[in-house]
Amino acid sequence: MDLGECLKVHDLALRADYEIASKQQDFFFELDAMDHLKSFIADCDRQTDVAKKSLADSQKEISAEVAAKAEKVHELNEEIGKLLAKAEQLGAEGNVEESQKVMDEVEKTRIRKREAEEIYRSSMPASSFQQQKLRVCEVCSAYLGLHDNDRRLADHFGGKLHLGFIEIREKLDELKVFLLSFSSM
């Protein structure tokens, strides 16, 4: 997550001085730290909500498009079934020429069905098709595939961003408890 360079001074000597001074007097830097961590978490939660909404919207679009194309394939299947039944009936009645004409029509309809199936499979953009299989990580707001292999999921859950947000959330909870116990004194 690109946050840019930190504008604070990170000096080990200053940290040591702070730790010594904080034992004698409280400077309430924990409040500043808590506000800073709250803003990180709020940004992450906002990104998670936006990503979830975006995925939900794209899945609705894809679902409508897929349903229309699937319906076309289904209609052609029904038409083939009706034509085959008609051809069989004509053949049983001894009307072979008429039955052959209907079978030719069946072949033409099968070709249209194959084309419709191909359109059904290939017309969806790859990115939209992939989005249909995504979910959002509740901890760090990263996208995860529903069908990701175990190695990929392990890499995510062991990654710096995910572990960093776990640490931030734990530290925020720790500061809340600290400040609650401090305010009750």
Side-chain angles (χ1 to χ4, degrees), residues 1-19 21-23 26-74 117-185:
M1 187 172 242
D2 186 16
L3 301 173
E5 255 185 73
C6 181
L7 302 175
K8 309 263 187 247
V9 177
H10 296 272
D11 185 15
L12 291 176
L14 290 176
R15 182 178 178 160
D17 290 346
Y18 164 74
E19 288 174 356
S22 67
K23 290 178 184 173
D26 199 343
F27 295 102
F28 298 104
F29 288 126
E30 289 81 7
L31 289 173
D32 291 339
M34 193 165 94
D35 289 341
H36 198 64
L37 294 179
K38 277 183 182 177
S39 76
F40 276 138
I41 297 301
D43 287 345
C44 181
D45 291 345
R46 194 171 21 263
Q47 284 178 336
T48 301
D49 292 341
V50 167
K52 282 181 177 180
K53 185 180 182 317
S54 172
L55 281 176
D57 290 347
S58 66
Q59 285 176 342
K60 285 178 189 171
E61 287 175 21
I62 290 169
S63 296
E65 183 180 338
V66 169
K69 290 180 179 167
E71 183 62 31
K72 176 69 175 168
V73 172
H74 184 66
E117 285 175 335
E118 186 62 34
I119 290 170
Y120 168 71
R121 285 190 205 108
S122 66
S123 69
M124 251 192 303
S127 62
S128 296
F129 187 68
Q130 289 299 325
Q131 277 186 334
Q132 195 173 20
K133 298 178 184 176
L134 293 177
R135 64 185 170 97
V136 181
C137 177
E138 295 289 335
V139 174
C140 65
S141 77
Y143 287 103
L144 297 172
L146 289 177
H147 305 295
D148 280 347
N149 62 30
D150 293 341
R151 182 74 202 143
R152 167 93 172 85
L153 291 173
D155 287 347
H156 167 76
F157 291 117
K160 289 179 185 178
L161 183 69
H162 188 84
L163 293 176
F165 268 102
I166 288 174
E167 194 172 325
I168 288 171
R169 289 174 189 275
E170 288 172 352
K171 185 65 176 178
L172 183 60
D173 291 341
E174 187 181 303
L175 285 172
K176 285 177 181 176
V177 169
F178 171 75
L179 291 174
L180 280 174
S181 67
F182 185 78
S183 65
S184 65
M185 287 182 170

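The figures that follow rest on heavy atoms only: side chains count, while hydrogens, waters and symmetry mates do not.
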To check you understand the geometry: which heavy-atom pair defines the closest contact between Leu172 and Lys38, and what is its length? CD1-CG, 3.7 Å

Measure the spacing between OG of Ser141 and CG of Leu161 and express it to the nearest 0.5 Å. 7.0 Å

Is a side-chain donor or acceptor of Thr48 paired with a backbone partner of Cys44 at a separation under 3.5 angstrom? yes

d(Leu37 CG, Lys176 NZ) to nearest 0.5 Å is 10.0 Å

Shortest non-hydrogen contact between Val139 and Arg169, atoms and distance: O-NH2, 3.0 Å

Is Arg46 salt-bridged to Asp43, going by a charged N under 4.0 Å from an acidic O? yes

To the closest 0.5 Å, what do you measure between CD (Glu138) and CZ (Phe165)? 13.0 Å

Answer yes or no: are there more than 12 heavy-atom neighbours, outside Leu14 itself, under 6.0 Å from its atom CG? yes

Could you walk me through whether Phe157 and Leu144 pass side chain to side chain contact (heavy atoms under 4.5 Å, CB included), step by step? CA-CA 10 Å; Phe157 291 117; Leu144 297 172; 4.1 Å; yes

Here the pair of heavy atoms bringing Tyr143 nearest to Arg152 is O-NH2, 4.1 Å

Report the C-alpha separation of Asp49 and Lys52 in whole Å, then their side-chain angles, then the decisive distance to 0.1 Å, and conclude whether the salt bridge (charged side-chain N to carboxylate O under 4.0 Å, His left out) test is met. CA-CA 5 Å; Asp49 292 341; Lys52 282 181 177 180; 5.4 Å; no

Once you round to the nearest 0.5 Å, how far does CD1 of Ile166 lie from NE2 of His162? 3.5 Å

Charged N to carboxylate O below 4.0 Å: is that the case for Glu19 and Arg15? yes

Distance check, rounded to the nearest 0.5 Å: His36 atom NE2 versus Ile168 atom CD1? 8.5 Å

Distance (rounded to the nearest 0.5 Å) between Glu170 CD and Leu163 CG: 9.5 Å

